[in-house]
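Per chain, numbering begins at 1; letters A, B, ... match sequence-line order.
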There are 2 protein chains.
Amino acid sequence: MRRIRVGTTQLESVPEPKYWHLKTVIGEALDSDFSVGEILPNERDLAARFGVARATLRQALEQLELEGRLQRRRGVGTTVAPPRMGVEVSTTQQAWPGSAQDAWQSFDCAKAVPPAAVARLLGTVAEEETYTLRRLRVTHGQPVAAEQLYVPAASVPELSAIDAPPGTARARAVLRELQRLELEGQDRAVELGSARADDAKELDRLPGAPVLLVTTRYFSGGRTAAVTVATYRADTCRLTFGASGDVEISHHDQETRRAS
Amino acid sequence: MRRIRVGTTQLESVPEPKYWHLKTVIGEALDSDFSVGEILPNERDLAARFGVARATLRQALEQLELEGRLQRRRGVGTTVAPPRMGVEVSTTQQAWPGSAQDAWQSFDCAKAVPPAAVARLLGTVAEEETYTLRRLRVTHGQPVAAEQLYVPAASVPELSAIDAPPGTARARAVLRELQRLELEGQDRAVELGSARADDAKELDRLPGAPVLLVTTRYFSGGRTAAVTVATYRADTCRLTFGASGDVEISHHDQETRRAS
DNA sequence: GAGTGGTCTAGACCACTTA
DNA sequence: AAGTGGTCTAGACCACTCC
């Protein structure tokens with residue numbers, strides 16, 4: 001976009017996009033001139049101040065929000081976000097969901113046909129209904145993840161569908177039955193996704209917000225006995241595997257000064 | 001945006017954004033009418049076909065790309081992306097970087113002052129120089145991750161700076177010294193980030209592209225002996241922790257059909 | 001040079017929160 | 001009612017790839 005000239009000789013072309021440059025400038029300002037929770041000037045003011053269109057300014061803010069440095073709320077404003085919180089995901093010794101106090105609160109259970117992708121993981125035949133629990137993970141008073149737990153009826157044979165009506169009671173019953181099985185192993189995958197409408201609502205985000213999808217398989221009796229798909233807010237969470245949850249990490253400045 | 005009316009009574013307001021609806025429609029079309037690698041019509045055509053502005057159409061495509069369903073390349077076009085590849089990140093038994101064939105190829109090593117965030121993890125004093133290796137991870141012929149490895153000089157006391165000049169030779173020397181230490185434990189964190197310019201270039205993406213940052217700490221002698229920050233392409237990678245790397249997972253359809 | 005996706009503009013209106 | 005961020009438009013030009 002800008003071209004640097006010395007005399008009349010064009011030395012270097014700098015096609016660095018405006019929004020990228022803006023992001024850098026604002027990012028540095030956040031480090032030096034703002035503190036956590038502070039509100040920024042509104043987008044129209046900022047755009048005018050930097051002499052760019054609002055759409056361009058927004059592109060920069062979007063990136064900063066993606067990196068967890070800003071928080072924007074419609075009707076309210078843009079604030080400086082606190083550092084991402086470390087959310088433990090590993091649990092060194094493997095355990096069924098619902099064991100002990102694992103920071104999740106169940107609040108619904110129905111029988112439903114799982115998405116094709118989940119059915120494939122479970123190894124169930126298409127259209128087969130499974131228990132489908134819904135749980136929410138709350139940390140420091142903030143909802144950080146919504147989870148869908150899929151348990152084929154075959155995994156909990158002693159649970160009759162008549163035991164409890166759909167709802168929290170049945171959710172507890174399913175989790176209780178799972179504890180009785182021997183957990184032979186588990187498996188995790190993390191990928192980027194965008195929030196479905198229902199997850200977004202529970203996580204207090206807009207639909208389509210970037211999220212980290214954590215898919216876990218639980219093995220028992222030589223089969224996949226259960227599968228969970230957890231949707232973590234990507235803006236506020238850093239998933240930790242091990243004991244690093246208590247350490248402050250911030251990737252705000254990634255540049256490295258070279259020496260030799 | 002659209003309002004559904006029966007007679008003159010407004011029954012339900014559907015403020016679902018256009019781009020969100022578009023994303024759904026195109027997503028379904030991808031499942032039924034397109035196969036992996038196929039090229040879509042260009043953005044101007046698509047926008048006209050759906051009767052929206054190009055910016056709106058792009059918002060939908062951006063989301064689909066974020067979810068790993070599309071691949072867009074400037075000057076070329078938009079193609080249907082293959083399912084994300086599972087990339088093993090855990091290594092069940094812990095090991096130093098560079099041990100055995102771990103799919104990483106080192107190609108540089110310099111001494112430099114690490115970013116403040118990394119220095120904090122290492123527990124080094126500010127401005128202290130550390131060995132700074134750069135590695136690339138290639139899977140199926142595709143670069144999937146770029147990594148920065150930080151090793152304080154104190155961790156490899158037997159390595160004299162004069163041993164080897166900066167470059168691949170010194171990189172090998174540092175890794176070799178690390179193997180001689182006893183690894184007492186390691187630690188991982190995963191979070192969302194955007195690609196720095198240098199990483200983006202090596203990963204064949206534009207700067208700012210969404211990436212998964214994997215930060216690993218290696219413990220030895222009661223200290224943090226090394227830290228790595230790996231930048232994985234979020235569009236093409238699914239990080240796996242365990243043995244699930246070989247299984248096909250696709251989160252294209254997440255909807256669940258309810259029953260009871 | 002033609003065609004693609006990437007950037008940018010200057011407006012408009014909408015949905016939401018707060019006072 | 002005022003002010004915020006979210007959505008959308010209709011254009012323009014740029015950087016890149018490929019023929």
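Proximity of B:R54 to the phosphate of D:dG11: no side-chain N or O atom is located under 4.0 Å from OP1 or OP2. B:N42 has a side-chain polar atom (N or O) that falls below the 4.0 Å cut-off from OP1 or OP2 of C:dT4. Between A:Y19 and C:dC8, a side-chain N or O to OP1/OP2 separation shorter than 4.0 Å is absent. Contact annotation: A:T56 side-chain N/O to C:dT7 OP1/OP2 distance is not under 4.0 Å. In terms of phosphate contacts, B:T78 brings a side-chain nitrogen or oxygen within less than 4.0 Å of OP1 or OP2 of C:dG5. When the side-chain nitrogen and oxygen atoms of B:R72 are compared with OP1 and OP2 of C:dG6, one or more of them lie within a distance under 4.0 Å.
Rounded to an integer number of Å, the gap from A:L206 CG to C:dC16 P is 9 Å. The distance between atom CG of A:L61 and atom P of C:dC8, rounded to the nearest whole Å, is 14 Å. Separating the CG atom of B:L46 from the P atom of C:dG3 is a distance of 17 Å, rounded to the nearest angstrom. Taking atom CZ of B:F50 as the reference point, atom P of D:dC8 lies 14 Å away to the nearest angstrom. When rounded to the nearest whole Å, the span between CZ of A:R74 and P of C:dC14 equals 13 Å. Nucleotide C:dC13 holds its P atom 15 Å from the NZ atom of B:K18, rounded to whole Å. Remark: P of D:dG5 and CD of A:E43 are 5 Å apart, rounded to the nearest angstrom. The interatomic distance linking A:Q59 (CD) with D:dG6 (P) rounds to 14 Å, in whole Å.
For the atom pair CZ (B:R84) and CD (A:E191), the distance works out to 5.0 Å, reported to the nearest 0.5 Å.
Of all heavy-atom pairs between A:L203 and A:T231, the closest is CD1-O, 3.6 Å. The two residues B:L136 and B:A145 come nearest to each other via the heavy atoms CD1-O, 3.4 Å.
Each of B:R58 and A:V52 has a nearest nucleotide on DNA chain C; the 5'-most of these lies closest to B:R58.
Among the atoms of the strands shown, only primed sugar atoms or phosphate atoms (P, OP1, OP2) are found under 4.0 Å from some heavy atom of A:R73.
Nearest to the side chain of A:A55, among C:dG5, D:dT9, C:dT9, sits C:dT9. Taking the side chain of A:R44 as heavy atoms from C-beta on, and the options D:dC13, D:dG5, D:dC8, the nearest nucleotide is D:dG5. For B:V76, whose side chain is taken as the heavy atoms from C-beta onward, the closest listed nucleotide among D:dT17, D:dC8, C:dG5 is D:dT17.
Aromatic ring pairs are classed by plane angle as parallel below 30°, tilted from 30° to 60° and perpendicular above 60°; the pair B:F241 and A:F241 is parallel.
Around atom CG of A:N42, more than 12 heavy atoms belonging to other residues, nucleotides or ligands sit under 6.0 Å away.
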